[in-house]
Amino acid sequence: MATESYDFKKTEQKWQDIWEKEKPFKAIDFHPTKPKYYVLYEFYNISGNLHMGHLKGTVPADALARYKRFCGYNVLFPIGGDAFGLPAENAANKTGINPRDFVANGLKNVISQSKKLGLSFDYDRTICTSDPDYYKWTQWIFLQLLKHGKAYKQKGYVNYCPNCKTTLSNEDCQGGKCDRCGGEVVQKERWVWYLKMKEYADKLLGNVDRIQMAENLKQSQRNWIGKSEGMQVEFPLVDENGKKLEKLSIFTTCIETIYGVTFVALAPENELVDKLKNHISNFDEVSLYREQTKLRSEFERKSDQKDKTGLLVKGVYALNPLTNKKVQVFLADFVLAGYGTGAVMAVPSHDQRDYEFAKKFNVPMIQVLEGDVSNQAVEKAEYLSKNAKLMNSAEFSGMPVKDAKPKIIQKVIQMNVGKKVTNYSIQDWPFNRQRYWGEPFPVVFCPHCGTVALDEKDLPLTLPPTNDYMPNEHGDSPLSKISSFVNCKCPKCGRDAKRETDTMPNWAGSSWYWLRYTDPHNDHALADFDKLKYWGSVDCYTGGTEHITRHVLYAFFWQNFLYEIGAVPSRDPFVRKMGSGLILDDQGKKMSKSSTNGVSPLEVIDKYGSDVARMHLHFLGGYEDNTPWTYQGITGITSFLDKVWLLQDMIKGEQVSNGHIHELNSLIKKVGQDYEDLHLNTAISALMIFIKKIREDKFITKEELRQFLIVLNPLAPFITSEIFERVFGRNILNESWPKYDEKYLEKDEFGLPVQINGRLAKVVTISRSLDQTEIEKIAKKQISDIKNGQILKVIYVPGKIINFILKK
RNA sequence: GCGGAUGUGGCGAAAUUGGCAGACGCGCAGGAUUUAGGUUCCUGUGGGCAACCGUGCAGGUUCGAUUCCUGUCAUCCGCACCA
């Protein structure tokens, strides 16, 4: 019989409808027999349509989920929308569309496109961060943070975009430019809600160590945390007459250079400056300098690496605690108030930054480690690698640095002038934004009771409707303009109070969402504890790498906190996190919605169908690699699927045939492993090789076809469902992953490479059952160059190679 | 500057623990079918006439290196006045 040609449009629609109705991808809580497996794709940022980048992460996750279901797992593979944030608010500002409607439409859109792609999400678990049923629990988590002392409000200098009228995190304004509008960012004093993330630094490092993730991603997380071990040392501050005034703490990782200290430098913000006001003879100058630094943005301060600014503080000196020698005190804006103690001991001979500062301000230098310091500092890496000897360092002079360092540490501790400390560059998380479209803080300010948290039973505190999404002229959130929202009663004393009008950052909702999927409709807990326990950590989490460092660290932070308060059963949200590469356009640039030559997956689906779109993109390159998109080569996939379709006309026989048993078993093993590793490109290649073999032999048996279709289904769910139904009269999704048998993986006859002196001479076909002597015999017979007397040595690796080393 | 990753045909790319480099696909060339174009099918396809040479470059270890080691260059990413 000649089968009619494959109509992908009709067939793909047919199966979408069936899956919609039968819901075969439902995850079952507490399944009595099947083990659980949790596959997660980062949820959709609601901004428009699906783009190619989404396919890069969703399709491998979908293939894995489908594979695991065949293998007998109860798979949780959910999806949702990350909906609070700028796209919705920008759309509201530009077009007047209500952000709620924008989000509702956007989510509907991407969900229907996901179904079109054949993504086997459990759509009944779809969540959306801007849905009050969801953000109720984001607010609840904030209340717990507040209750447990992990959230606090403090005046601070924040990055502020005058154009967007909002504060920005350091990450949101890299390079001193606003991520959103590209405008110049300034420093502004505001009340800031901080979450005590810094306190979790070591725990986060533990999470980073335990998760399975690419090394470069782990490394950037470790950089972000920035752990550094050193010493905190007290330098007494004295006046002209040597009278002790205060103590200055400095942090250093190079205690071995302490005898070379020639000045100390304080961050301009350091509060000791105020305490010493009466002793500083040039306090007017000092105040002026402090004012000037405030005006300079963080970015300017950091980028002005060459032109160091600073100011000598007159009338006050520091004493080196080991020598009691007086050194000068400077204010310098290269010293960061937020790192270490906000003060440093400066050793110009051994730190290039101090060296340049000393040159500029004519501060003397003392060399304490051997090396040439005439033109630049001899820095740590250099003197450590050479294990240089100390000099000008009292009893330590002449000692190699590696011996001297522990002794100096010991001395500092014994003299009780310092201790070992660990510092982190990670900061507490500034957690409020002056935006409309975010979670309101469940907090009120009462003139009598101060900051008061809402009662948990009053959650969610819903976002009031408005059509004015702009902050006011002071940069306060749009919510501050809505008096019915702002004015309220204090939950504690019942008198008039005012609500917090800032909202939470976009990151809030995404910092716990994987937990909600385990129990998305629960209205008395963020998720039932037993369900959290049942589904456990996410086994495989796919998604892009763009915001991965921060997102995953925030996720670790909240998971640790929730674990500590008993709300979740584990410290580790994810077992394995896989960052996908980018899709590049024909210019080699990241393909995005805005790029002019961006190709929409919908366009590809429309022309070729979802199965082809899924397979072609992933045949182009590996999951973690950047993939240059091209239509070129797509015919390789279409013709492959055409050949698969035609298998229906090639069925001959029932059971697996001897001629195909090796190929089929190898295929099952290879493709299964590839799904597990998200290596779709090599899985596709293996499937093609199998089809090639079938076509050479001009037949496939029924059982071979059955197994082949199951193996292909995770990649091409539509066509395989259709063929399966036509041939076997039932639904492929109810089948099990075929088992392979080790004994069929290797053919008895195989080509053994024979080398002479490590160079390939010939490939001989032999039986796997032969032993070395027999193989040597065959090789010698076939290769005339090998003569008995010449053989010095034979290296034989069974199944791999035989190598004859001959006398020259 | 520091840290990480990656360098393989004309192109996208493969290669368990060190064991036939270039699987698979595209493209290209030749042939068959076709009135023709397209489709489909077959054959060939790293370079070189050859011996040989080939995985960024130069060394090293090894019977044997894309794989391990040392140095070096290039590209990409992350961090960056962090004391």
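Throughout, protein chains are lettered first and strands after them, A, B, ... in sequence-line order, and every chain is numbered starting at 1.
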Read 5' to 3' with Watson-Crick or G-U pairs under 3.5 Å, [ ] for crossing pairs and | for partners on another strand, RNA chain B gives (((((((..(((......[....)))((((((.......))))))((....))..(((((..]....))))))))))))....
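The separation of B:G78 from B:A29, taken at their C1' atoms, amounts to 46 Å, rounded to a whole angstrom. B:U55 and B:C68 have their C1' atoms separated by 16 Å, given to the nearest Å. Comparing the C1' positions of B:A14 and B:G60 gives an interatomic distance of 28 Å, to the nearest angstrom.
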Where do N or O atoms of nucleotides 2-9 of chain B meet protein N or O atoms at under 3.5 Å, pair by pair?
residue	atom	partner	partner atom	Å
B:G3	O2'	A:Q219	NE2	3.4
B:G4	O2'	A:N216	N	3.4

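Residue-level contact check: A:I795 touches the bases, meaning some heavy atom is under 4.0 Å from a base atom. Within 4.0 Å of A:G751, counting heavy atoms only, lies at least one base atom of the nucleic acid. Residue contacts for A:R759: at a heavy-atom cut-off of 4.0 Å it reaches the sugar-phosphate backbone alone, with no base atom in range. Among the protein residues, A:N626 comes within range of the sugar-phosphate backbone only, with heavy atoms under 4.0 Å from sugar or phosphate atoms but none that close to a base.
For A:F690 and A:F708, the ring centers are positioned less than 6.0 Å apart. Here A:F357 and A:F361 bring their ring centres to under 6.0 angstrom of each other.
Looking only at atom types and distance, the side chain of A:S228 has a donor-acceptor partner in the side chain of A:Y339 under 3.5 Å away. There is no side-chain donor-acceptor pair under 3.5 Å between A:T293 and A:D333.
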Going 5' to 3' through nucleotides 21-34 of chain B, assign each nucleotide B (protein heavy atom under 4.0 Å from a base atom), S (under 4.0 Å only from sugar-phosphate atoms) or - (no protein heavy atom that close). --BBSS--------
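A:H616 and A:W629 have perpendicular rings, their planes meeting at more than 60° on a 0 to 90° scale where under 30° would count as parallel.
Where A:S220 and A:D354 meet RNA chain B, the nucleotide closest to each residue was compared, and A:S220 sits on the side nearer the 5' end.
Distance, A:I801 CD1 to B:A15 C1': 14 Å, rounded to whole Å. In this structure, A:F357 places its CZ atom 14 Å from P of B:C82, rounding to the nearest Å.
Of the candidate nucleotides B:A83, B:G64, B:C20, B:C20 has the atom nearest to the side chain of A:P753.
A salt bridge links A:K227 to A:D202: at least one charged side-chain nitrogen sits closer than 4.0 Å to a carboxylate oxygen. Under a 4.0 Å N-O distance rule, the pair A:E234/A:K419 does not qualify as a salt bridge.
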Begin with the C-alpha distance, continue with both residues' side-chain angles, and end with the deciding distance and a verdict on side-chain contact (heavy atoms from CB on, under 4.5 Å) for A:V261 and A:I366. CA-CA 7 Å; A:V261 172; A:I366 302 172; over 6 Å; no
